[in-house]
Structures are given as C-alpha cells and as structure tokens.
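Let me begin by presenting the structure, written as structure tokens, before commenting on it.
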Amino acid sequence: MATAKAILKAPSSKPLTKRKAWAALKANHKTVGAVHLRKLFADDPKRGTKFTAEALGIYLDYSKNRITEKTLKLLLDLAKESGLRERIDAMFRGDKINITENRAVLHVALRAPKSETILVDGKNVVPDVHAVLDKMSGFCNRIRSGEWKGHTGKRIKNVVNIGIGGSDLGPVMAYEALKHYSQRDMNFRFVSNVDGTDFAEAVVDLDATETLFIVSSKTFTTLETMTNAHTARDWALKGLGGDEKSIAKHFVAVSTNAAEVSKFGIDTANMFGFWDWVGGRYSMDSAIGLSSMVAIGPENFRAMLNGFHEMDEHFRTAPFERNLPVLLGLLAVWYTDFFGSQTVAVLPYEQYLKRFPAYLQQLTMESNGKHVTLDGKTVNYETGPIYWGEPGTNGQHSFYQLIHQGTRLIPCDFIAFGKTLNVLGAHHDILVANVCAQTEALAFGKTEKQVKAEGTADWLVPHRVFDGNRPSNTLLLETLTPESLGKLIALYEHSVFTQGTVWNIDSFDQWGVELGKVLAQRIVPELGSKTEPKLEHDSSTNALIRRYRKLKEA
Ligand code: F6P
C-alpha cells in the first residue's frame with residue numbers, strides 16, 4: 001500500500017503550472033480563445049459528431065466547446081502529466097489518497113460486485129458492504145410490505161430522513177429523481193435544516209404511529225441533525241403516548257458511530273453502518289441511501305448501484321480520449337484555468353432531476369473548493385468552479401439571459417433523455433427542442449447582420465445581437481432509470497476526481513466547514529443565556545448578538 005508521502009510524489013513531480021502541457025495549453029488558449037465556434041463548425045463539417053463520446057448509453061456531445069483537436073490532445077497530456085492514471089489506480093486499490101484525514105476513498109467499493117476484493121488495511125471490505133446491503137434490503141422489504149409495524153400495531157406509511165449535507169442531499173435528490181419508481185402509498189420527507197420550520201412543516205400532517213425516522217449521520221454528532229433528531233424523538237413520544245419503548249419501532253440510524261447511536265437511544269440492532277472510507281458527499285449509495293431503498297425497493301436500489309459500478313469501470317479502464325468523466329473534468333479545467341470562468345451551470349431537462357444541481361453543489365464544491373496542494377502549498381491557479389443550476393425549461397425564463405448576453409463566460413452542461421417517463425402529447429418533444437435550441441443559440445448566437453436583416457431599428461441592434469461562442473456540453477441518455485441515475489452521478493463524481501487530480505488538491509477532506517461549526521457552538525449559549533453574556537467577539541458580531549437578544553425578547 002502506498003504511503004501518504006508516496007502519493008504526494010506520485011502524480012507529477014512538477015507543480016501544475018510548470019508542466020509541459022500547461023504551458024502548451026496557455027499558448028493554445030491564445031489562438032483558440034480568439035476563434036468563434038461559428039468558424040470551428042464551418043471549418044469542419046464533421047465537428048458535431050467528431051467531438052463526441054459514448055459509453056454505457058450516455059452520449060456526450062462536447063463539440064460546442066471552444067477547443068480544437070490540439071486543445072483536446074493537450075488536455076489529455078495534462079491529465080497524463082498530472083498522474084491521473086496512477087491516482088485512479090490508487091483510489092481503486094484502496095490507498096489512503098485522502099491524505100489530510102489519512103483515509104482511503106472507496107465509494108467505488110459501495111457498488112462493487114460481491115466477487116470483487118478491495119482491501120483497506122489488508123481487509124477485504126466488499127463482504128461488509130454486501131452484508132449491510134442485505135440487512136438494508138431485509139429491513140426495506142419489511143417496511144414496504146407492512147410486516148414492520150409501529151408501536152401501536154399500525155403499518156409505517158411515512159418515512160422521514162433526518163440528515164444534512166451528504167446525509168440529506170443524495171437521499172433527497174435520489175428520491176425525487178426516482179419518484180416514478182417509488183412506492184406511492186408511502187410518504188417520504190427530508191429534514192435537514194436546524195431551522196425548526198423544516199421539521200415542523202415536514203411532520204405537520206403526519207401521524208407519529210405511522211411514521212419512521214431515519215437518523216442519518218456519518219458522525220452522529222452534527223449539530224443540525226442531532227437537534228432535529230431530539231426534536232423528532234420528543235414529537236414521536238408525544239404522539240405515541242410517551243412510552244420510551246416505542247422508539248425502537250419508530251427510529252433507526254445510519255451511521256459509522258455506534259457509540260453515539262446507542263447514547264441517543266437507538267438500539268444498534270436498528271443501525272445500518274458504513275465506514276470512514278466513505279466521504280459524506282459520496283455516501284448516497286451506502287446505508288445513507290436507506291430512505292431511497294425504502295422508496296424504490298431493494299431491486300431498484302441495486303440496479304442503481306450497478307449503474308454506478310458500470311461507470312466506475314468505464315472510468316477505470318476506458319482510454320482517456322473516450323472516458324466520459326475524464327473529458328468532462330478536463331473541460332472544466334480548461335474553462336476554469338485558461339478562460340477564467342468561475343462557474344459551471346448544470347441544466348437538467350428532466351423535472352425529476354430538480355434536486356440534481358443542489359446535490360452536485362456539495363459534490364463539486366466541498367470536494368474541490370481547496371486552495372492548497374496535497375503538500376500544503378498555496379496554489380497559483382484557480383481550482384473548483386461554482387456549480388449551480390436549475391431544471392430546464394424553467395431556468396430559461398430566469399437566468400439564461402445572463403448566460404446568453406451577460407459579460408461572463410458560463411460553460412453549461414445540458415442533460416436530456418430520449419424518452420420521458422410521462423408521455424403527454426408533445427411535451428417531451430418541446431422540452432428536448434429547447435435543449436437543442438439553447439445549445440445552438442449559445443454557440444452560434446445571432447450576428448449584427450442577421451439582426452439588421454430582420455428590419456431592426458439601428459439603435460436596437462446592439463441589444464438584440466447574441467455574440468454566441470458560449471460553450472456547452474450535451475449529455476443525452478435514453479431513459480431516467482435507477483441504473484442511468486447511478487451512471488450519471490458516478491460520471492460527475494469521477495469528473496470531480498479528474499479535476500482534483502489535475503489541481504493536485506485533496507478532493508476528499510472538508511476542513512473549510514469546521515471553523516463556522518466551532519464558532520456557532522460558542523455563540524449558541526450566548527444567544528440563549530438568561531443573563532447578559534460577556535461578549536468577546538469583534539464589534540460587528542457583538543452588536544448582532546445584542547440586537548438579536550433584544551429582538552427575541554421584544
Ligand atoms: O458540513 C460538512 C459535513 O461534514 C459534510 O461533509 C457531511 O456530508 C455533512 O457535514 C453531514 O455530516 P454527518 O453525516 O456526519 O452528519
């Protein structure tokens with residue numbers, strides 16, 4: 001097993017900006033950056049099919065990017081010089097590539113078939129993964145069939161997942177994405193925010209005797225989740241007549257921390273475990289997906305895992321020039337570091353994927369929002385772009401104006417499906433027509449000449465010109481299924497990995513969220529204190545605390 005030190009040395013002995021391909025890309029950007037997509041397409045009639053890649057039923061059209069064959073070659077060289085191959089192997093081997101936490105990064109083991117062997121500290125973790133999956137399946141079947149009864153003998157109709165960050169965003173996204181496949185006579189709710197409104201609204205119409213809470217927290221110490229879990233406990237006890245024994249039938253836990261689960265009062269027999277080598281934002285296919293499994297059933301959940309696994313294998317084995325996550329990741333690097341783009345918009349033209357952008361925000365930004373390299377040096381290049389988005393066509397009537405005519409360059413990922421799960425007249429054709437129209441408009445725009453030819457008054461012409469030359473990828477899949485969702489998520493997971501490898505950062509820690517958590521713990525008693533607390537913050541924070549205390553007493 002490679003040591004942290006060896007991993008530090010492995011990728012590239014040279015800092016990123018000193019790599020050969022980096023310098024060549026800088027030069028390439030000088031020429032390519034000045035060329036319009038109109039010209040690139042006019043010069044090569046085959047461009048629209050040449051810059052495409054297809055794997056596992058996902059068609060990636062990246063022809064509407066501001067690249068030439070040379071750019072692509074150089075980006076692929078950069079990946080090689082950055083040691084991407086070695087780092088992929090290191091991850092799949094179970095090396096401790098999360099060096100600041102000295103942990104393996106093995107979400108790929110969560111979807112590995114039973115027959116595989118993946119070692120962490122000399123132990124094969126795959127049998128443990130399948131043991132938990134089997135336990136989850138048994139539990140889900142009992143809930144779904146009504147065999148599992150609540151304390152008063154009623155069947156469970158409502159499932160409330162309590163968690164935050166990776167213990168919420170993945171589950172809620174997957175539930176929404178796969179609603180079509182879910183058990184429709186059950187209700188699924190997700191409580192994450194410590195704002196009491198989130199809990200209050202989630203249970204407002206629920207009956208405690210028919211409700212199961214899944215407390216999902218890797219650490220089982222997260223302030224928001226534990227506050228919500230205690231509130232849920234009180235609410236359930238009230239509705240169940242105050243009998244402490246009722247908790248066993250209405251609370252289960254998903255965690256890596258058995259001691260804290262027991263302390264909370266949940267029998268560890270009703271706990272579903274996972275491991276420190278699963279990062280929170282990479283955990284939706286671990287036991288953290290328990291609510292998803294209850295919703296869609298064990299078979300569909302396993303189909304989703306198969307989808308993840310197929311993409312893992314594609315990422316691990318496909319040549320980089322045909323490797324979807326590698327291509328997507330390198331394009332993000334191209335715009336971030338050479339064009340100075342600050343964001344990437346992810347635009348799913350699929351209503352079921354409405355929470356996909358929110359899910360991606362944690363995946364991408366908690367992973368690659370880093371400013372030091374693996375060996376602790378401050379980077380002299382940009383890292384993690386801001387990922388954001390909304391489903392189409394809604395976004396078109398909101399922020400697309402800025403993407404089309406604003407002053408910023410915003411690369412976009414459009415995601416669409418060939419078949420809809422809800423066939424309703426011409427809806428789907430209209431939806432997909434908009435995908436094609438948007439990417440076309442972004443790339444080619446509308447020239448001054450064209451605008452004038454329409455008889456537009458001279459003074460209005462500049463307002464109506466679309467410069468175009470705005471890049472996009474289009475991901476076209478057949479149907480939204482558990483399997484295709486798994487592929488899509490793994491595609492982005494590995495794109496993030498590719499980016500992080502080039503930037504030589506630790507994509508698997510999240511130290512940046514710690515300081516705020518610690519400060520909040522100090523301020524909570526100051527806000528709640530009955531007597532005037534002695535405040536030792538800065539003058540702004542002190543004043544805000546005093547004003548809040550006055551407001552709440554008024
Ligand atoms: O906010 C940081 C974070 O640690 C995320 O990485 C994680 O997904 C989330 O909090 C929730 O953590 P836990 O599952 O331990 O409650």
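Start at 1 and go down the list; that is how both ligands and their atoms are numbered. This chain uses plain numbering: 1 for the first residue, then up along the sequence.
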Test: R355 and E176 ion pair at under 4.0 Å: no

Which residue and heavy atom of the protein sit nearest atom 6 (O) of ligand 1, plus the separation: E366 OE1, 2.8 Å

Salt-bridge contact R316-E116 (side-chain N to carboxylate O under 4.0 Å): no

Proximal ligand 1 atoms for Q362, defined as those under 4.0 Å from one of its heavy atoms: 5 (C), 6 (O), 7 (C), 8 (O)

Parallel, tilted or perpendicular: ring planes of F92 versus F315, cut at 30 and 60 degrees: tilted

Heteroatom proximity flag, K218 to ligand 1, N/O under 3.5 Å: yes

NZ/NE/NH1/NH2 to OD/OE distance under 4.0 Å, D134 and R302: yes

Distance filter under 4.0 Å to T222 heavy atoms, resulting ligand 1 atoms: 12 (O), 13 (P), 15 (O), 16 (O)

Enumerated ligand 1 atoms positioned under 4.0 Å from heavy atoms of V513: 1 (O), 2 (C)

Residues D207 and K157 bridged, charged N to O under 4.0 Å: no

Ligand 1 contact by E224, heavy-atom criterion under 4.0 angstrom: no

Distance from atom 4 (O) of ligand 1 to nearest protein heavy atom, with residue and atom: K517 NZ, 3.7 Å

Protein heavy-atom partner closest to atom 9 (C) of ligand 1 - residue, atom, separation in Å: I164 O, 3.6 Å

Min N/O separation S216 to ligand 1 under 3.5 Å: no

Residue pair S216, N161: steps toward the side chain to side chain donor-acceptor pair (under 3.5 Å) verdict: CA-CA 7 Å; S216 299; N161 185 75; 2.7 Å; yes

Distance from atom 15 (O) of ligand 1 to nearest protein heavy atom, with residue and atom: T219 OG1, 2.6 Å

Residues D205, R189: salt bridge by 4.0 Å N-O rule: yes

Proximal candidate to atom 14 (O) of ligand 1 [heavy atom criterion; set G170, G166, S167]: S167

Between T541 and D538, a side-chain donor and acceptor under 3.5 Å: yes

